[in-house]
Amino acid sequence: MISLNIEKTFGFISKEKVFAYEAEVKAAQEMLEKGTGKGNDFLGWLHLPSSITKEHLADLNATAKVLRDNCEVVIVAGIGGSYLGARAVIEALSNSFTWLQEKKTAPVMIYAGHNISEDYLYELTEYLKDKKFGVINISKSGTTTETALAFRLLKKQCEDQRGKETAKKVIVAVTDAKKGAARVTADKEGYKTFIIPDNVGGRFSVLTPVGLLPIAVAGFDIDKLVAGAADMEKVCGSDVAFTENPAAIYAATRNELYRNGKKIEILVNFCPKLHYVSEWWKQLYGESEGKDNKGIFPASVDFSTDLHSMGQWIQEGERSIFETVISVEKVNHKLEVPSDEANLDGLNFLAGKRVDEVNKMAELGTQLAHVDGGVPNMRIVLPELSEYNIGGLLYFFEKACGISGYLLGVNPFNQPGVEAYKKNMFALLDKPGYEEESKAIRAKL
Ligand SMILES: O=P(O)(O)OC[C@H]1O[C@](O)(CO)[C@@H](O)[C@@H]1O
């Protein structure tokens, strides 16, 4: 189970002020529970973990087995909430060099449909030429250009290489129950499909088949992931006292920091496997809160790597930032620093120490330095990287995001701003139906 520590924000904001959010947080929680707030048609994530059935998990695991048995490589085609959650969990739990290992225990997982790079897609299709590959096509709207374009290429290649019949077996769609081109194609081709519930938005969908299917294909235990999230649902429940509720405290603290001029939150890890957890978190908070000309800007760094690049800015740049560190208490492997007689590198003071001890001292030293430098610091401690703990972490962030968005006074469940670039792109590409926009945009060039 994760824990949250906000002690190192108290030099910048007061404990009393944070605790004074109790009533506001309670009201926000009630809006979520009763569905009386903005965006109340997108609350399906709120009690999702505890409502996932054994049968649903068995169906997902069975489909995952079909892909595992029939594919050396599986492409997860999706963008934003339709890919980041799966990638976050898979990378957090995988061996760092999994794709280079000779003996594979699961298909190599590759991501596509999250960019429009011709080189990326060319190189991917080249790599796949002699591979038995399958595709999980994930899109809630079923019409997202990046994903649809990648899927068009992958579908054709899969059918050409493996034949229509096998392609039908190794292509799975995760999409809306009725609407969208991905649904139409899946029904016409007879693919196995999973539904993304109407009331779960993309960035809150990691615990639907959007995340669960790829995670199961990659060989991870989705039952444990869901169990961790379900336990966290209880820990962050609206019946839990404010002072005991980590989602409530996190939401209150970050809002109090924001109201005191801390406009940027940097999510920090000291473990490179968590890079994509940060990417997932950035979408969750960025799309939920960045609107009506307000919202904390969610940023992220991987330490100690980025201490050698962004560390300078964080230590001495504009004091408009705060950090939230995800700290992993126990690593999965043991490696000691060897002693060296010549000691030419001067590192014998570390001989016999675990590498993780060095990392932990870097973490502690960084916290103290950054707090001294004027950066408030929160810490989320994960006992270790496991399905259970990651499931809990994801739900904790979701719950806190719902509360935090309501504290900020925005609708945390829409994303109208993402349409602006799409409209311009379609106008520039002369998409049918965009004739007026095409004329207007050309006049601006
Ligand atoms: O699942 P879809 O509909 O393809 O959308 C993918 C992503 O694109 C967005 O709609 C933004 O355009 C995100 O909110 C969403 O997670």
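Note that these values count all heavy atoms, side chains included, but never hydrogens, waters or copies made by symmetry.
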Are [X] and [Y] side-chain neighbours, meaning at least one heavy-atom pair lies under 4.5 Å?
X    : Y    : answer
K273 : E91  : no
L84  : Y276 : yes
F12  : R319 : no
W99  : I110 : no
F426 : E437 : no
L124 : L154 : yes
M1   : P383 : no
L407 : R254 : no

What heavy-atom pair brings [X] and [Y] nearest, and what distance separates the two atoms?
X    : Y    : result
L267 : S278 : CD2-OG, 3.6 Å
L212 : L207 : CD1-O, 3.1 Å
P376 : I321 : CD-O, 3.4 Å
G402 : P412 : O-CG, 4.0 Å
L274 : A92  : CD2-CB, 4.1 Å
A77  : V135 : CB-CG1, 4.4 Å

When you look at [atom1] of [X], are more than 12 heavy atoms from neighbouring residues, nucleotides or ligands closer to it than 6.0 Å?
X    : atom1 : result
Y421 : OH    : yes
E419 : CD    : yes
K26  : NZ    : no
F297 : CZ    : no
K179 : NZ    : no
K65  : NZ    : no

What class does the angle between the rings of [X] and [Y] fall in, given that below 30° is parallel, 30 to 60° is tilted and above 60° is perpendicular?
X    : Y    : value
W281 : Y285 : tilted
F397 : W280 : tilted
W45  : F413 : tilted
F396 : Y250 : tilted

Donor-acceptor contact present, side-chain [X] to main-chain [Y], <3.5 Å:
X    : Y    : result
K8   : L368 : no
D340 : L347 : no
T144 : E146 : no
E387 : D221 : yes
N269 : C271 : yes
S309 : D306 : yes
D302 : T305 : no
Y388 : V226 : no
N348 : N343 : no
K399 : M232 : no

Can a salt bridge be assigned to the pair [X] and [Y] using a cut-off of 4.0 Å between side-chain N and carboxylate O?
X    : Y    : value
E357 : K360 : no
E279 : R87  : no
E256 : R259 : no

Measure the spacing between [atom1] of [X] and [atom2] of [Y] and express it to the nearest 0.5 Å.
X    : Y    : atom1 : atom2 : answer
E7   : N377 : CD    : CG    : 11.5 Å
N260 : T9   : CG    : OG1   : 10.5 Å
I249 : N5   : CD1   : CG    : 10.5 Å
H56  : S51  : NE2   : OG    : 9.0 Å
I116 : I79  : CD1   : CD1   : 7.0 Å
I2   : I380 : CD1   : CD1   : 5.5 Å

Going by atom types only, do [X] and [Y] share a side-chain donor-acceptor pair under 3.5 Å?
X    : Y    : value
R183 : T175 : no
D41  : N199 : no
K140 : S205 : no
E316 : Q312 : yes
S404 : N255 : yes

Exercise. Can you list the steps and then say if Q29 with N245 is a side chain to side chain contact (heavy atoms under 4.5 Å, CB included)?
Worked result: CA-CA 11 Å; Q29 279 177 309; N245 188 325; 3.3 Å; yes
For this session: Would you sort out whether N137 and T147 count as a side chain to side chain contact (heavy atoms under 4.5 Å, CB included), showing the intermediate values?
Result: CA-CA 8 Å; N137 186 33; T147 306; 3.6 Å; yes
Exercise. Step by step, would you call V74 with I136 a side chain to side chain contact (heavy atoms under 4.5 Å, CB included)?
Worked result: CA-CA 7 Å; V74 170; I136 309 177; 3.9 Å; yes
For this session: Decide side-chain hydrogen bond (donor to acceptor under 3.5 Å, both in side chains) for N414 and K291; before the verdict, give the C-alpha distance in whole Å, the side-chain angles of both, and the deciding distance to 0.1 Å.
Result: CA-CA 9 Å; N414 66 1; K291 53 197 67 157; 2.9 Å; yes
Exercise. Given F194 and D59, is the side chain to side chain contact (heavy atoms under 4.5 Å, CB included) satisfied, shown in steps?
Worked result: CA-CA 10 Å; F194 288 95; D59 189 13; 3.5 Å; yes
